[in-house]
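Inspection log for the structure reproduced underneath, given as structure tokens.
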Amino acid sequence: MNGNGRTKLVLGYGTCGIAAGAAAVKEALERELSAGKYDLELDIAGCMGFCFREPIVEVHYPEGRSVVYGDLTPKKVPQLLEAVSAGEVLEDWVVRRSDDPTAGEGDFLANQHRIVLRNCGNINPESIDEYIAVGGYEAARKALTTMTPEQIIDEVSRSGLRGRGGAGFPTGTKWGFARKAKGDQKYLVCNADEGDPGAFMDRSVLEGDPHAVIEGMIIAGYAIGASQGYIYCRAEYPLALKRLEKAIAACRERGFLGERIFGTDWNFDIKIKKGAGAFVCGEETALIASIEGKRGMPRPRPPFPANEGLWGKPTNINNVETLAAVPWIIANGGDKYAELGTEKSKGTKVFCLAGKVRRSGLAEVPMGYTLRQVIFDVGGGVREGKEFKAVQLGGPSGGCLPASLLDTPVDYEAITATGAIMGSGGMIVADSSTCMVDLARYFLSFTQAESCGKCVPCRLGTKRMLEILTRICEGKGEPEDLERLEILAADIKAASLCALGGTAPNPVLTTLRYFRNEYEDHIFNHKCTAGVCPALITVRINREICTGCGACAKICPVGAISGEKKEPHFIDPEVCIRCKLCLSRCPEEAIYAE
Amino acid sequence: MKVKVNGVEVELEEGGSLLEAAERAGFQVPTLCHHPAVSARGSCRVCLVEEEYDGELLTACDTRAREGMSILLDTERVIEARREAVKLIFSAHPVHCEVCEVANKCRLKELAVVLGMSGREYPLQQDFRPVVDANPFLLRDLSKCISCNLCVHACQEVQGVGNYEMLGRGAHARPGTASDTHLEASVCEFCGLCASLCPVGALIEKPFLHRGAGERRVNTVCPYCGVGCSLVLRVRKNRIVGVEAGVENSVNGWSLCVKGRFGLDFVDHPDRLRKPLLRKDGELVEVEWEEALDFVASRLRDIREESGPDSIGVLSSAKATNEENYLLQKFARAVLGTNNVDHCARLCHSPTVAGLGAALGSGAMTNSISDLLRAEVILLTGSNPTVNHPVIGEFIKRAVLSGKTKLLVVDPREIPITRFAALHLRPRPGTDVAWLNGMAKVILDEGLYDEKFVRERTEGLEELRLELEDYTPERVERITGIPAGALREAARLYAGAERAAILYAMGITQHVTGTDNVMALANLALLTGNLGKEGAGINPLRGQNNVQGACDMGALPNVFPGYRRVDDPEANDRFSRAWGRELSVTPGLSVVEMIEAARKGGIKAMYVMGENPLMTDPDVGHVEEGLRSLDLLVVQDVFLTETAELAHVVLPGTCFAEKDGTFTNTERRVQRVRKAVDPPGEARDDASIIMGLAERLGYPMTYSGPAEIMEEIASLTPSYAGINYGRLEAGGLQWPCPREDHPGTPVLHVETFPRGKGRLTPVSYRPADELPDEEYPFLLTTGRLLYHYHSGSLTRRVRGLAEKVHRGWVSLHPQDAARLGLSEGDGVRVTSRRGSLLSRAHISSRMQPGVVFATFHFREENANLLTNPALDPVSKIPDLKVCAVRVERVERRDEG
């Protein structure tokens, strides 16, 4: 990274970093460095995974060690540069030290095994040279110049790689179908329509290592005999799109895309198709319809895309994470990949830690790790030392698992057995302040709003379920509602065409299964234990603690709080709208909801 | 492939659906969003069935069966899932059946009954939407919509319009137009298909509202254009209360256009003529039939005696049945003793009859409409099918949408269907021979012609080659304005296809070079071997419902029924013997010639059945002069048309819905027309009027009915020899149908041409008769509108159509408008050497600069006030498509 003997600063410049303020930090760094006072280089990289400490800078010293600093602001920049120039380490800011895995949050990375994320945060994603410098495009060259398509498919089959988009279908088998399908024109599609709330691994890979995906596509295209690739990426990922476009242009310049690539007679090129952010377009037949310019709506299979896909031609669709793993498998061998993981689930899986987990970010771990290992060893457990309550796996199509299932290994079959799904790998952690009914309601409101509207059970059934959940949260639930939910859920799962409808009830079913008591509390006791559902809670001031500072009265948007100065205040429950703004404002933590 | 349904094993073709399997096994599966007109949707989930082995629930309508599958139709899970689906649909659909306009045909209600459901299980959570019905045809009440997608797919797959798509997601998903505009502001053509398929009352055919369900259903044929769509008329108390597409054995399948579905209200219009009218003291007054017929007969007798039979002219009608046309030309020839019989085919496809007759030996559409779906390339020229033959327009669009057909349009205007074209060439009006010769030259020069076909089945190649020498694409570009490269591309596209069909209409024929144009087109088809096979051919699109039949019946001055020349002694002898009178061997006068002769005094009397020359002939000022010079003008019609207003006698006839008979459509298909209602007042069917006159003139014609007339037609017309009413009950027959066991002929010229070899005819480009100059700087071309028909006598009396478009306009290019200082809707005066009209300007970039466009639907602004009566020397068609005019801005004469 720093072969020229200078110390180099690498700023995390993915969407997560930028959202946390990396742009301002970059500006400050450039301003300071342009003064010529420091002999330092500046570069950018994608997300390293430390989303919870963004903006971050990794300092690479000429001798090879590196230090990652987090929570940077423009104000901290001069101090950082001074320290780096002086060769000092700012211990308080350290996120990770390469020479001391125990420092800072070092165990976050130490407990991971990075294959897909191998370059994320380590190279400048906008530089093809940096990708080539870490061995990039060697796998594609090897595949195209020394292997037959069948050998490649064998290698991928041997690796045990399964579709990382969620369904977990063996990738080698899928390629084999497309290879065998008859047709003069075949297509390869990269599904980058990452739509699950709480899933951002595809975005991070596209932003942090776009060339890995392109290289995976070159190999896959050659293996199945597709000369045209499409990347279907949602328009809400502007940075990913920009970096992909740049990467594709660079590849064309180098002759890695286009005609006669790597000096062979194989032609392959890639077009980007922007999706308009419809969740259902992650479903492969809807995705195909969308590329064709139609409304994204699923159709029945068969015919499978492998036989009749895009424009009616044989088409193979793989997810970003799947394709990003392919170059590594070709370079290191399928057996090497298969050494990791469980009997049926091989290799690694990237999880997105979000919600009430202490370290929200990207975690790539070998299959077979337990949920506990991922959430606690990598993720550092629950924020603010609160108690772990549940984890929602697999986004809105997945399920909500309680603490008792924390020792479940991450493995397609084991997770499916719990009623959740591996899905794309979102892990949203809930603590005691999360209402499980409200959580199910939230996820269902998402799938209901994203139903394409084709099938009646999904279009209207989810709506009716949502109405029931809403009234439960409002304290108007009826005793029969739980059974109604179960009947509707079973019907929607069985009678819908695609996976959106087929999995939409999962959050409700799993919370009903593992947290039924919360539903019953809402219906029978008119109580929301977590203190979330506004209709079921009262916000009170503990008169023992209240100092009468008046901060709460000032912030209350409806004037529900009154009291004399320096005297304990009082909330009028008739007026209070339970927005809980006062809770966060009170310096004495005297206000509580129950 | 073998599939088990409820344990019954059935054999199914590859790709067959589970629904087909169930039907084959003799079981019914309830459906809601499924309709045979469109591809299966699998949206309502009512047709769910259970796979026996893996327990999966599958939609029967859109799941392809797989070898060895076993499906169960009535398991408890299946029934529960079906009921749940219907329950859910009802949760978003108001059950106000007692006040719902379509409750008697609601498929949702029907389904609830089938599934034994009652009441509402989920509270109604309805997405209330305003009812939108600002147009005369469709009422849209999205509150009732069940989002089944049928309208979306009907509009896309059947109509090729694609006006609807699902908008919104989740529970809000609803069909809507682009940007969710009202139908009135959308590209909707108001064909009504969506409303006819809507399973609930979300889309309603407004004109049929509150008219009742109908007591009887009558299968018949549409009275408008030459496509010949089958209609089912719903009749109640002697009134047409609804119209549906006739699906079985029909040309049109589920399709109809706005005129066919919503344009039949003229039938019971109060303006209908109910009693004969006789001019007394300058006024037309009602008289009894006896008096009217006696008067006509005696005047005809007198004039014939005074001035000879050829002083009488007869206009037959392309709107009347074959039987009536046969009778009227027989009346002219055998009773009056003249060949002066013609009809409006003179003004549309006489060049086709002449040109294709010369090149091939027969002047009709060589192929069938459904053949278009098999063409690799369709060359469409001088035809605006989405407006003039809407259902043929749909076939073209469907062919293109299938991805297997490329459309090549050659038309001066950017007509709507160019949206589907792979290539659009825009020649200057009146330069067709030039570009056609240019294409032929490219095909010859580049060796793209079908050498074997040309050698074996044509003659005249060398003469043609010689003629074409001058027609280099570069020279053609100078004449026509078509870029040389585009012309080459078009030639390669057309000649490169294995099956290429030519479609053309009046943009080719209505010129002084009309016959040349047709022969030049025929050259293309002959050179490329595109004749005598499916998906190819040269196909004139006939304008009127029965213009093909009227020609077949000999309503032409030079031929008897079956196109046998009156001056052919053998033919003349045969007909003279059959009709028991010695027939004239002198070919008669054509329409335009008769009018001219009337002006000059050669024609003293005219008998006009169902035609309106005062609107439809060129230079109508001149026509009026001619008609006013007549000693006797008799008009037999259903309304008091512009022509009838000048008549001495007006005889009330009947329209298509009031009689039995046959029409022959543009693809030579003879189809039955059936009586649905009684005629108004004392109106009589046209055949009995002719028979009444014949009898008074000493030539009794006695037929028990149209079936007997058809027997006579069949006995004298070889191409109709195998056609009789008995056979027509099972559907139409395409002539030639020479024997009673002959299935009819979908494709002509398979083995040979009627004239033996096809003739490649050298034709030279000649400019139009009248071209723009300094005084008249614009070129006027004419045409029609979707919502109106011909002289407007029918469509302007249909409330919906008249409401949709109640006035005409003159279209011109924005550049010209800017130069003349015209804005959209401004008043314009358009003047030619023959007359002048006042209209409104419509500014459209679909026009070429220097060209203006007007229609002849509206008497207030009839383009035929301006058109040039110069004739094509061969076919005698006037140059209706090109004349020179001047355009001026004037203050609007009204704000209507």
Side-chain angles (χ1 to χ4, degrees), chain A residues 276-281 285-286 289 292-304 307-308 311-312 444-468 470-471 484 487-498 500-502 504, chain B residues 15 17-18 32-33 39-48 50 55-66 77-78 80-93 121-123 125 127 145-149 152 156 162 164-175 403:
Chain A
F279 180 58
V280 75
C281 286
T285 58
E292 289 174 349
K294 299 174 187 153
R295 177 178 161 98
M297 286 173 110
R299 60 153 177 82
R301 296 169 296 187
F304 286 95
N307 296 313
E308 284 178 43
W311 319 113
L444 198 69
S445 74
F446 177 83
T447 35
Q448 151 59 208
E450 290 295 338
S451 164
C452 79
K454 174 171 171 157
C455 302
V456 165
C458 176
R459 181 178 82 233
L460 296 171
T462 55
K463 181 79 175 163
R464 301 291 88 88
M465 281 181 77
L466 185 59
E467 284 155 7
I468 295 172
T470 304
R471 72 174 177 241
R484 285 188 186 124
I487 291 173
L488 272 166
D491 180 65
I492 294 165
K493 280 175 80 95
S496 300
L497 170 65
C498 79
L500 193 157
Chain B
S17 70
L18 298 181
L32 182 59
C33 72
S39 62
R41 300 315 315 145
S43 164
C44 68
R45 317 308 276 183
V46 165
C47 67
L48 287 169
E50 187 172 338
E56 221 183 320
L57 294 184
L58 302 166
T59 40
C61 69
D62 69 340
T63 305
R64 288 190 198 175
R66 288 189 301 271
R77 276 186 75 210
V78 163
E80 264 320 299
R82 281 181 194 155
R83 292 168 61 96
E84 193 63 34
V86 175
K87 269 191 243 169
L88 285 169
I89 294 168
F90 270 124
S91 75
H93 179 84
E121 307 256 347
Y122 299 102
Q125 295 292 342
D127 211 359
C145 176
I146 58 169
S147 302
C148 73
N149 262 296
V152 173
Q156 277 173 6
Y164 298 119
E165 181 50 280
M166 294 300 281
L167 303 179
R169 294 181 200 152
H172 302 292
R174 283 279 187 286

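Computed over heavy atoms, backbone and side chain alike; hydrogens, waters and symmetry mates excluded. Chain identifiers are assigned alphabetically (A, B, ...) following the order of the sequence lines, protein sequences preceding nucleic acid strands; residue numbering begins at 1 within each chain.
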Proximity breakdown for K463(A) and chain B, heavy-atom pairs closer than 4.5 Å: side chain

Test item: T285(A) and R301(A) side chains (from C-beta on) under 4.5 Å apart, heavy atoms: yes

Which portion of A449(A) sits near chain B, non-hydrogen atoms under 4.5 angstrom: backbone

E56(B)/K493(A) salt bridge by N-O under 4.0 Å criterion: no

Contacting region of D62(B) [heavy-atom separation from chain A under 4.5 Å]: both

Contacting region of L32(B) [heavy-atom separation from chain A under 4.5 Å]: neither

Residue R41(B) versus chain A: region with a heavy atom under 4.5 Å: both

Of L497(A), D491(A), L488(A), the residue whose pairing with P457(A) passes side chain to side chain contact (heavy atoms under 4.5 Å, CB included): D491(A)

Over all atoms of both residues, closest heavy-atom pair of A85(B) and R45(B): CB-O, 3.9 Å

Heavy-atom contact with chain B under 4.5 Å, split by part of A278(A): both

Inter-residue atom distance I492(A).CD1 - S451(A).OG, 0.5 Å rounding: 9.5 Å

Toward chain B, the part of I487(A) with a non-hydrogen atom under 4.5 Å: side chain

N-O pairing of E467(A) and R464(A) below 4.0 Å: yes

Contact origin within S496(A) toward chain B - heavy atom pairs under 4.5 Å: backbone

Structural part of L48(B) lying under 4.5 Å from a heavy atom of chain A: side chain

Distance in Å, L88(B) CG paired with T462(A) OG1, rounded so as to fall on 0.5 Å steps: 9.0 Å

Heavy-atom pairs under 4.5 Å with chain A, option from A173(B), G403(B), S147(B), G42(B) with the top count: S147(B)

C148(B) and C44(B): CA distance, side-chain angles, deciding distance, side-chain contact (heavy atoms from CB on, under 4.5 Å) verdict: CA-CA 6 Å; C148(B) 73; C44(B) 68; 5.6 Å; no

Option in R295(A), K454(A), Q448(A) with maximal non-hydrogen atom pairs under 4.5 Å from chain B: R295(A)

Pick from C458(A), P300(A), G453(A) with the largest number of heavy-atom pairs that fall under 4.5 Å of chain B: P300(A)

Contacting moiety of C455(A), where chain B heavy atoms sit under 4.5 Å: both

From CZ (R169(B)) to OG1 (T447(A)), nearest 0.5 Å: 13.0 Å

